[in-house]
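What follows is a set of notes on a single structure, which appears directly below.
Heavy-atom basis, side chains included; hydrogens, waters and symmetry copies ignored. These numbers were taken from a predicted model, which means no experiment stands behind them.
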Amino acid sequence: MATTEHPPPGRLRSWMLEGLSDMGKGHPHQAAPDTEAAPEHKGQRWFRVMCLTGVDYFSTLGYQPGIAALAAGLLSPVATIVLVIVTLAGALPVYRRVAEESPHGEGSIAMLERLLSFWKGKLFVLTLLGFAATDFLITITLSAADASTHLVENPHLTSTLHDRQMVITLILVALLGAVFLKGFLEAIGVAVALVVVYLGLNVVVVAVGLWHVVTEGHVVTDWTGALTAEHGNVFAMIGVSLLVFPKLALGLSGFETGVAVMPHVQGDPDDTAENPKGRIRDTKKLLTTAALIMSVFLIATSFITTVLIPEKEFESGGQANGRALAYLSHEYLGNAFGTVYDVSTIAILWFAGASAMAGLLNLMPRYLPRYGMAPHWARAVRPMVIVFTLVAFLVTWIFDADVDAQGGAYATGVLVLMSSAAIAVTIAARRARQRGWTVGFAVVSAVLLYVTVVNVIERPDGVKIGACFIAGIILVSLLSRLARAFELRVTSLTLDSMAERFIRDMASRKIRFIANEPDQRDKAEYRDKIEQIRQDNDIPGEDFVFVEVTVVDPSEFESGLTVHGEVLHNRYRVLTLESSSISNALAALLLHTRDSTGCIPHIYFEWTEGNPFANFLRFFLFGQGEVAPVTREVLREAEPDRDRRPRVHTG
């Protein structure tokens with residue numbers, strides 16, 4: 001609807017805003033006013049997209065066995081089996097349902113958004129986005145820090161790279177951002193290569209480890225004997241495993257990104273935006289395949305690392321601390337293979353941030369610009385890559401590239417999002433009257449909420465960091481909303497036949513509208529309003545059309561309008577429409593009338609009583625307030641040419 005003429009864009013601006021998308025309106029790609037439309041993104045095969053999420057999910061093998069050994073000790077394999085059961089019987093069904101309910105990548109946040117309206121719904125979404133930002137950004141910084149740890153602790157490089165972990169981590173984060181500045185397809189290609197190589201090397205390490213377990217039979221008997229002596233019976237082992245389970249929750253980290261990158265799954269040729277059944281089916285394949293692969297590796301790696309690595313090596317300063325499988329590769333396959341394994345681990349840990357970056361780039365533009373809580377360029381990929389990379393630099397610097405210090409925040413973000421997903425699908429199943437699924441999802445929700453609460457109690461820093469992200473997002477969002485308060489934000493305007501007839505009829509004379517706040521809508525209301533406008537503005541006649549705007553959800557920012565015309569009391573012509581803001585709706589109608597008739601329309605108001613600041617707050621929060629000056633300001637920003645600007649009269 002904006003009419004401002006845009007100057008020819010510079011080369012840098014065009015490159016930065018290339019493929020500017022408008023996800024909030026449901027269109028795959030909508031060009032910016034000053035950029036060419038990007039070609040439609042056709043998506044990738046599901047197993048290629050699985051590799052993009054897999055660089056996050058599968059890369060946890062680099063540190064998960066060590067975390068399990070530190071948390072559960074000899075019980076590590078048993079605790080890992082509990083984790084796998086929760087993964088396959090809990091998290092996987094939840095996210096398969098999320099993929100079905102929200103097939104455009106919004107995830108459980110969109111499902112929960114539908115439950116709340118007005119500002120409370122927006123604040124709730126911003127809170128969940130804060131935890132999502134915590135999850136995804138800490139994934140980027142933690143993975144890069146862990147990659148630099150593997151690099152620094154390599155036996156061949158320890159002396160050379162000692163005390164250089166911060167610099168190395170920042171370089172890795174910058175390189176990740178550079179890949180996404182280059183293009184998304186390049187990121188997927190790199191992910192596929194890294195996942196194939198990394199999983200192949202892990203197959204070799206696991207096979208060799210199992211061979212040593214078989215040939216050195218005493219390691220199993222030693223382990224089972226020590227396990228029985230320490231815990232007594234199977235029930236005690238299961239009980240302790242349940243208690244330590246929250247510390248192993250990072251092994252669940254791949255599901256949220258799996259859904260976030262869902263729009264990049266190709267699907268079927270006959271998929272539609274309303275029913276992308278092929279994309280849903282293939283995303284379920286993606287989630288299931290990734291979960292099964294990871295489950296097999298988690299059980300196998302936790303077993304061989306527990307029985308083959310001395311317990312002291314897992315502790316801080318030990319050679320297996322944070323790199324248990326790398327330790328085994330050096331120990332049983334030699335330093336040459338071990339170095340290759342280290343390089344592969346470093347590469348996939350570095351690129352683990354790719355799935356998180358893809359998730360951020362898909363998630364944030366779907367909400368913040370649509371709420372008016374981010375500038376238009378926030379829908380473009382490259383500016384957002386730069387923003388997220390700079391934030392990742394800040395987080396890395398604050399945490400001094402320390403993996404352990406970021407673990408609590410990472411786990412908190414993951415668990416809060418998983419809990420919200422479980423609650424969302426429980427509500428969806430209940431509304432669909434699926435009693436069995438409702439009970440099952442409710443049990444999963446209870447388990448995940450328990451794990452989340454325990455994690456928060458044990459590692460409260462995660463909530464504090466998440467709260468900082470939430471506060472930052474809310475503050476920036478509100479400031480952006482204030483900055484865009486007078487922006488014309490009507491995406492489309494449609495008139496019914498009667499409304500078109502009113503405007504076409506007036507175009508032969510002078511087009512005069514009266515802004516009316518509907519009350520009783522009786523004959524006296526319209527008669528008195530015309531008389532008041534005539535006296536205030538000293539104009540003759542009664543050739544006016546009333547315009548009445550009803551505010552529906554003032555927290556919405558962008559929306560389309562439909563204008564209806566009607567004749568009341570056989571005399572008074574009235575245009576009615578619904579909008580989130582009275583001033584924006586009136587400005588959009590005036591500009592549309594000017595463009596469709598070639599005539600400059602006039603609109604007449606009465607001054608609103610009350611304090612101007614209070615009226616502005618009413619406009620900002622509730623879409624009402626001092627309508628006349630705000631309408632004029634919206635028109636001034638939308639149409640800089642004063643001669644072509646619709647006239648606003650106030651008496």
Side-chain angles (χ1 to χ4, degrees), residues 44-65 136 138-154 157 168-169 171-206 250-251 253-258 260-261 264-265 286-287 289-294 296-298 301 322-326 329 333 336-361 385 389 392 403:
Q44 298 283 313
R45 298 294 299 274
W46 67 268
F47 50 83
R48 288 176 60 84
V49 181
M50 183 190 74
C51 291
L52 183 63
T53 64
V55 289
D56 174 21
Y57 197 18
F58 301 146
S59 68
T60 56
L61 291 171
Y63 49 83
Q64 182 72 15
F136 293 148
I138 297 294
T139 296
I140 295 171
T141 58
L142 182 146
S143 299
D146 202 25
S148 64
T149 299
H150 276 73
L151 189 63
V152 169
E153 293 182 358
N154 182 276
L157 300 173
I168 295 170
T169 303
I171 291 173
L172 292 176
V173 171
L175 288 174
L176 179 69
V179 171
F180 276 85
L181 287 177
K182 173 65 177 173
F184 183 77
L185 291 179
E186 286 78 2
I188 290 186
V190 174
V192 171
L194 289 177
V195 167
V196 170
V197 172
Y198 183 67
L199 291 184
L201 292 174
N202 273 286
V203 168
V204 175
V205 174
V206 169
L250 291 182
S253 63
F255 287 101
E256 195 66 36
T257 50
V261 299
H264 301 295
V265 176
L286 180 158
L287 295 170
T289 304
L292 290 173
I293 291 172
M294 192 62 177
V296 172
F297 273 111
L298 283 174
T301 55
R323 55 192 303 272
L325 293 177
S329 66
L333 292 160
F337 182 91
T339 299
V340 172
Y341 184 85
D342 280 338
V343 171
S344 174
T345 304
I346 291 165
I348 197 168
L349 281 169
W350 158 64
F351 211 64
S355 61
M357 183 71 81
L360 283 168
L361 293 174
V385 169
T389 301
V403 175

If you compare all heavy atoms of [X] against all heavy atoms of [Y], which two are closest, and at what distance to 0.1 Å?
X: V49; Y: H264; result: CG2-O, 3.5 Å
X: T389; Y: A174; result: CG2-CA, 4.4 Å
X: A191; Y: C51; result: CB-O, 3.7 Å
X: L325; Y: L61; result: CD1-O, 3.6 Å

Between [atom1] of [X] and [atom2] of [Y], what distance do you get to the nearest 0.5 Å?
X: I346; Y: I168; atom1: CD1; atom2: CD1; answer: 8.5 Å
X: I293; Y: L298; atom1: CD1; atom2: CG; answer: 12.0 Å
X: L286; Y: L52; atom1: CG; atom2: CG; answer: 9.5 Å
X: S59; Y: M294; atom1: OG; atom2: CE; answer: 7.5 Å
X: Y198; Y: T345; atom1: OH; atom2: OG1; answer: 4.5 Å

State whether the side chain of [X] and the backbone N or O of [Y] hold a donor-acceptor pair below 3.5 Å, judged by distance alone.
X: T141; Y: I138; result: yes
X: S344; Y: Y341; result: no
X: W350; Y: L172; result: yes
X: T60; Y: Y57; result: yes

Are [X] and [Y] close enough that some pair of their side-chain heavy atoms sits under 4.5 Å apart?
X: L176; Y: I140; value: yes
X: N202; Y: F58; value: no
X: T289; Y: M50; value: yes
X: Q64; Y: T301; value: no

Would you check, one step at a time, whether the test side-chain contact (heavy atoms from CB on, under 4.5 Å) holds for V192 with F47? CA-CA 9 Å; V192 171; F47 50 83; over 6 Å; no
Could you walk me through whether V296 and L292 pass the side-chain contact (heavy atoms from CB on, under 4.5 Å) check? CA-CA 6 Å; V296 172; L292 290 173; 5.7 Å; no
